Amino acid sequence: MKEEHKEGVQGHEGGAHGHGEKYKFGMVIDLDKCTGCGSCMVACMTENNVPYKKNETNKLDSITWMRVFKATNGKPYPDTDICYFPRPCMHCEGEHGHAPCVSVCPATATDYNYETGIVSQIYTRCFGCRYCMAACPYHARYFNWWDPVWPDDTKESLSPDVSPRMRGVVEKCSFCFHRFQGARDKAYAEGRREITENEYQTACTQACPAGAIVFGDLNNPEHKVHELKQSPHAFRLLERLGTNPKVYYHSTRSWVRRAGDNYLTNERSK
Amino acid sequence: MDSALIPKGLKRCPFPQFALWIGAWSFIMLWAAIAAVIAWAYGLNTTNLNDYFGFGAWITADLAIIALGAGAFFTGFMRYVLGIDEFKNILNYAVIIGFICYSSALAILALDIGQPLRGWFIFWHANVHSMLTEVAFCISCYFTVLAIEYIPIILENRQLDKVPTLHAFSHNLHHIMAVFAATGAFLSFFHQGSLGGVAGVLFGRPFAFRVHASIWPTTFFLFIFSAIACGPCFTILVTRLTEAITRKKLVARNVILKLATVSGWLLVGYLSVKMLDTLYWAAVTLPKMGVNFFDMYPQAPFNLWILIAELGICGAIPAAILITKKTRENEFLLILAAILNCTGICINRYVMTVQALALPVMPFDKFYNYVPNWIEWITSLAPFAFMAILLSLSYRYLPIFPQEKELNP
Amino acid sequence: MLPFVFEWHWDLGHVVFHGGLWYALSILGIGMTYVSVKTYFDVKRGGH
Amino acid sequence: MSLGRRGFLQFCLGAGAGITFSPLPWKLMDDSAIWTQNWPWTPVPPGGEVSIEKTACTLCPGGCGITVRKVKDRAIKIEGMKGHPINDGGVCLLGMSALYKLYGGARIKGPLKRAGKRGEGKWEQIPWNAAIAEISKELNQKRQDGLSHTVASMTGTDRGTVSQLFKRLLAAYGSPNVFTAPSLQDSERLALKLMQGDYASAGYDLENARYVVSFGASIIDGWGSPVRAFRAHTRWAEKAAEGAKLVQVEACLSNTAAKADTWLTIKPGTEAALALGLAHVIIKEKSYNKAFIRDYCLGFEDWQDSGGTVHKGFKQSVLKEYSPDAVSRITGVPADRISVIAREFAQAKGALAVWGRGKGTRPMAVHDIMAIHALNALVANINKPGGVTVLPDVTTVPWPSLVQDDIAKSGTKQPRVDRAGTDAFPLSESLFDQLPKLIKGGTGEYPLSVLLVHGANPYYTEHDRTAVAEALDRIPFIVSFSSRMDETANHADLILPNHTSLERYEDVPTPISSSLPVMSLSRPVVSPQCDTRHVGDSLIAIAKSLDGSVAESFPWDDYESLLKATLGDKWSVLEKEGYWKDEGYTPADWSQAFRNASGKFEFLATTLLAGAKSAKDCLPQYSRAKLKGEEFMYPLILIPCESMRLADGPVANSPLMTKTVADTVLKNDDLCVEVNPKTAIAHGLTDERMALLSTPKGKAKVKIHLFDGIQPGVVAIPTGLGHTAYDDYLKGKGVNSNDLIGMIEDEASGLDIAWGSRASLKSI
């Protein structure tokens, strides 16, 4: 079984329960700034070697770790409004790391890393039962229904930092965990124990041409996300389920904030 | 031709007729085998499963088959643990049915995973907090128990029984069978329960999520309850079907009726608990998540009718028939009730997996539907063919019905 | 499942789970061993 | 001793048990699992030394600075360049797609000569010297025959050294027929020439603008320099508390309209009327900048010509014709909203009126632009922070003077085949869209014999594409310099493939709509992957192989040395930083700003007076576009709907871009058009069902997508799909909107200003 952990192992450093929660990485996505352009999706897919098929119009088998959903306010013309919800993996913390997907995985192929707050996925251990997908209300998990195929010479553009996944396993956004590893290794090599905000940024954050995505340590008051998440206009998706996600959204439009969660008919949103 | 193998004193159909019968079912098995090979070779893109319906026909079939196969452990439990002696007359058959159900379920599970060659990681890298791990362990262990229970039945074959070692082995196995049966019952309670837990723990899925009693969601107990309520009915159905096909009386009527009564009362019990659970879910669990009860039943096939079908038509009606002496003793109503009962449980297993996933949770997400394709259909239905074949073989070559001689003079 | 897996750590869940599992497996194992051994002696005593 | 049946059975059982309890099954199980983790057909990207290279993106006119992450010699990721004045780290999905253009399908791997029929896709691979010889033979022949003027070139843009090289080649060779792909800049330059005397595109200080009225410009859907526009929008969102506002004038709820503070729904094509309506209110309420109007403007008040006739100025003409009520009738915008917006516009600091429908790639009516730009003049937001200015360009070292022999001289003196610059369209420079009409109609002009195409894909991108294709098919010899097999390359006779954007040098001039002079340098970050050549090198080689004096105008050894010489002292900065910007640049004072003969901002375009039928034609005005087709046959209005996720220009989508396209836009190979549920009821259409979309130009089967955010009676068709070339990841998907939209000619410029078409939808 030596080979088995060769690649794709993520996020197990200091993994035991109760160890110091060093970082709590998360995002604040400003929906007032998001233009729905889709650059985050492409940045994510190129960074993480996400494959593509000739026909990707069936969104039910199309792997997009970062997917931009479109919400409408349901009103007729001309009072209609739309808003985009970029949806990476929420890296739910649940209660003490009890993320919806982590506890259900029968083979411990996905794990909540207490050092970073990142939910990992070990592709080489996953045997494709898809229970985690059933557990995730955000549809953030994707199954490799096909063998990945890169046409012509496009294999040349694959990144060695992220191993391409074989058919039959589940994958999802990792908050570009390999970038965290790289930043941490660099910091350690330079004799530092902490990494700075700029050293570790996800590919989508970096690419976003509108600057709508902000990424950082939610626990660190010096990081932008720490302040942004406290805005009265900040909210999270499906917060009421108790998933305790680490991706926050921000919108000044009340209907958008309401669209982020379920409410009873006459219930007031938060 | 094969008369040497047929139990003494029992009449069986001519071999060519038997061969034709087996051949017909084998054809379906072959078809399913081809489907399985396609799915294994080319991957799960050959099915209609997708990211929104990671669970589909296969899991439904799995859960349903295992619930229906619950007759085995529960009859064993009643015979060996509770000491209800009449059930020895149907226990062999119940065990074989159970064996068939569980082996089919395991085969379908092997199909349903994306990396079948890594299926054993569920044991090697087991996450003990996962309900699915519990399911895997309990099913495998219980399957072993069923195999152990099946061995002495096989060894009773006329020719095998002549071998002294095998005879002795069989005898000794019989001797301590109660221990195995009790262990099997223990395992079964847990895996039926953990199958329920699989759905009930999904706190991201309002449709499936149920309030927890200690570490288990209520579905844990509901699945056990529903399985033992329908398992005996399935045993009755298969027995009656066998009798119809063989045109013989195989099990005494009082045994069947007793089983029906037990099933009926269990169903009553199950339904009352299930109703309470549903009410609590609708009135407390869902509103906490901001979800209206009626949002859970938005459109066909997942509208309120599916709930009415599950709990009313296929729940209350068969329960009423089975617990009432007069209706129970009416052969037509008995069979109808058994069918309804089994259907109700199948619907329950279907909604807890497929409907639970079909309903979008994010308010801006879309509702999609899913229809299994032929590969899923044929492999999900293949257990029936397997059942036909294995039951026929067992019936022909093994003395499985102790009452057969006395009922067919 | 086994303590040599690198992220292994003990908790109550393991105790309960493995307790139940090995209890069941032991019964099955001991039972089958008992039956086999007894059969062996039975046959031997039965004289061949 | 023979092996009895019993013995055999015992042996088998023993063997079975032995194998079962041996380590073998476990070993096999483990091995098979390890095998699944290392399937040889799942690639393992090799590692290596990582480097980051600075370059610039050339896939759109946005001019972003990018960095390319490399592992050894493989380019693996494109990111935005931090600190670049245009995009500061941001990057769009098209920019990231350059990797696919580099390694992906449909690449032309070496020079190709047509072997089969045109467009058949049969090619013969030939060496480079043969390819150059092929073309020089053709060109020399034409020169000998005195037909040098029948050789034409078409480039995607007329800015930057490569398109200047084309211009120079044709001038030295002897042809006036230098075409550029029609763009908003063509009409914009005309409007600015007329009003400000500068033949230049507009630059906007978007970042500092505080009240932006966008007349259909999809500012966050790819308009102008997309990433810069996004960043400006983000600034507005951040400054919303301080009153930064965006008013979007559009018929459908584009992403820009959705993000705007006010969405003014308007009848398609009537934006200029609305602009004049706003002007009416501002003038009537005297809230315009009186000092600016008095001192720096011409034609605002009534005026008297040399004959003594009094003509209406802008003021009176607008007051008379464009009252809010009248405009409301034209545009469908309520009169009170017009007044409100006009007041807010007049009072705001940094009020900016922006034109350019959709991504702003298509030409507009010159008078429409004038009408919108008049608003900027009324609030005097010209050459001021947060205002509009002329696109400043970066000065470069001039090239040695052109050498023309007699053939070249007489050839270039011939009238252009598209009649640009002739009496018909005296102010226009290039009117490619006139070609179909002229070539087909044979209006006495000469036929073209050779067309060199670079950076353009007219077989795909032009309106009334079928007519364009028919016209181009009549040109006997088409040479493409494309690096990928696009529609035009597919119809070429000879292909001299260019390096892709990541393999070549190129100067990137100030991006469209920028208000700051910026130059970036696109550099080869990987060595050429195929047997391709820089288009500049191909042109120099062609020039050197031609007879006469042509070669004398091309003294450079290769493109790289040309570029170094041209960029002069900026080269070292560009090499180091990747970009150069003019920090101290400020737009000229009003006293210097206007280079008309009058030296003033001209509401009345005096340049036009001489040729105009009436003086009124020289004022900003709205004229109703004449859409082809009868209303009873085509009761709906079809408008194109542009999106960042679909590249609709000469550079096409990569598979990953197409992957981001929603299933409400493309489903399998079916294109979805947006219609309002009300339209659907009126025309018997059902959501997600197929329908036949007909316009006077063509028919297409499309899928219906009901969307509340579109005006009833209007159909929006996504652009950028319906390719017939490239690879299986793009070819055959959807419908090309250009097939359905016919040309509408702008009387002032001759440009195609079609913004839509009449259409009908029938359920099928």
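Just so it is clear, the structure is predicted and the values come from calculations on it, not from any experiment. Note that these values count all heavy atoms, side chains included, but never hydrogens, waters or copies made by symmetry. Residue numbers begin at 1 in each chain, while the letters A, B, ... track the order of the sequences.
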What verdict does the salt bridge (charged side-chain N to carboxylate O under 4.0 Å, His left out) test give for K245(D) and D261(D), after you've listed the backbone C-alpha separation in whole Å, the side-chain angles of each residue and the deciding distance to 0.1 Å? CA-CA 6 Å; K245(D) 255 184 124 175; D261(D) 302 275; over 6 Å; no
Derivation and outcome, salt bridge (charged side-chain N to carboxylate O under 4.0 Å, His left out), residues R231(D) and E207(D): CA-CA 8 Å; R231(D) 291 178 54 231; E207(D) 290 84 352; 5.2 Å; no
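Both the backbone and the side chain of V50(A) come within contact range of chain D, judged by heavy atoms closer than 4.5 Å. If you measure heavy-atom distances from V661(D) to chain A, the contacts under 4.5 Å come from the backbone alone. Contacts of D30(A) with chain D are absent, with no heavy-atom separation under 4.5 Å from either backbone or side chain. For L99(D), the part sitting under 4.5 Å from any heavy atom of chain A is the side chain, from C-beta outward, and nothing else. With a 4.5 angstrom heavy-atom cutoff, K667(D) touches chain A via backbone and side-chain atoms both. Contacts of C208(A) with chain D are made by backbone atoms alone, with heavy-atom separations under 4.5 Å and no side-chain atom involved. Proximity to chain A (any heavy atom under 4.5 Å) is shown, for T664(D), by neither the backbone nor the side chain. Only the side chain of D147(A) has a heavy atom closer than 4.5 Å to any heavy atom of chain D. Looking at W236(D), neither its backbone nor its side chain comes within 4.5 Å of chain A, counting heavy atoms on both sides. Heavy-atom distances place the backbone of L31(A), and not its side chain, under 4.5 Å from chain D. Contacts between A258(D) and chain A at a heavy-atom distance below 4.5 Å involve backbone atoms as well as side-chain atoms. Neither the backbone nor the side chain of K70(D) comes within contact range of chain A; no heavy atom of the residue lies under 4.5 Å from a heavy atom of that chain. Looking at A251(D), only its backbone comes within 4.5 Å of chain A, counting heavy atoms on both sides. When heavy atoms are compared at a cutoff of 4.5 Å, P46(D) approaches chain A solely by way of its backbone atoms N, CA, C and O. With a 4.5 angstrom heavy-atom cutoff, R107(D) does not touch chain A via any of its atoms. Heavy-atom distances place the backbone of A662(D), and not its side chain, under 4.5 Å from chain A. If you measure heavy-atom distances from Q711(D) to chain A, the contacts under 4.5 Å come from both the backbone and the side chain. Residue R165(A) touches chain D through its backbone alone, counting heavy-atom pairs closer than 4.5 Å.
When each of G74(A), C40(A), A210(A) is checked for heavy-atom pairs under 4.5 Å with chain D, A210(A) comes out on top. Of the listed residues (T72(A), D161(A), I63(A), D153(A)), the one with the most heavy-atom contacts under 4.5 Å to chain D is D153(A). When S157(A), P78(A), G36(A) are compared by the number of non-hydrogen pairs under 4.5 Å with chain D, S157(A) comes out ahead. By number of non-hydrogen pairs under 4.5 angstrom with chain A, the leading residue of P677(D), A75(D), A237(D), G48(D) is A75(D).
Side-chain contact annotation: D152(A) with T154(A), donor-acceptor N/O pair under 3.5 Å absent. Using a 3.5 Å distance cut-off with no hydrogens or angles, the side chains of Y123(A) and N144(A) do not pair a donor with an acceptor. For the residue pair T57(A) / D663(D), no side-chain donor-acceptor distance below 3.5 Å is found, with atom types taken as modelled. Using a 3.5 Å distance cut-off with no hydrogens or angles, the side chains of N48(A) and W65(A) do not pair a donor with an acceptor. Looking only at atom types and distance, the side chain of T35(A) has no donor-acceptor partner in the side chain of N255(D) under 3.5 Å away.
With Y100(D) as the aromatic partner, K659(D) does not meet the cation-pi criteria of under 6.0 angstrom to the ring centre and within 45 degrees of the ring axis. The cationic group of R141(A) does not satisfy the cation-pi geometry with F143(A), failing either the under 6.0 Å distance to the six-membered ring centre or the 45° limit from the ring axis.
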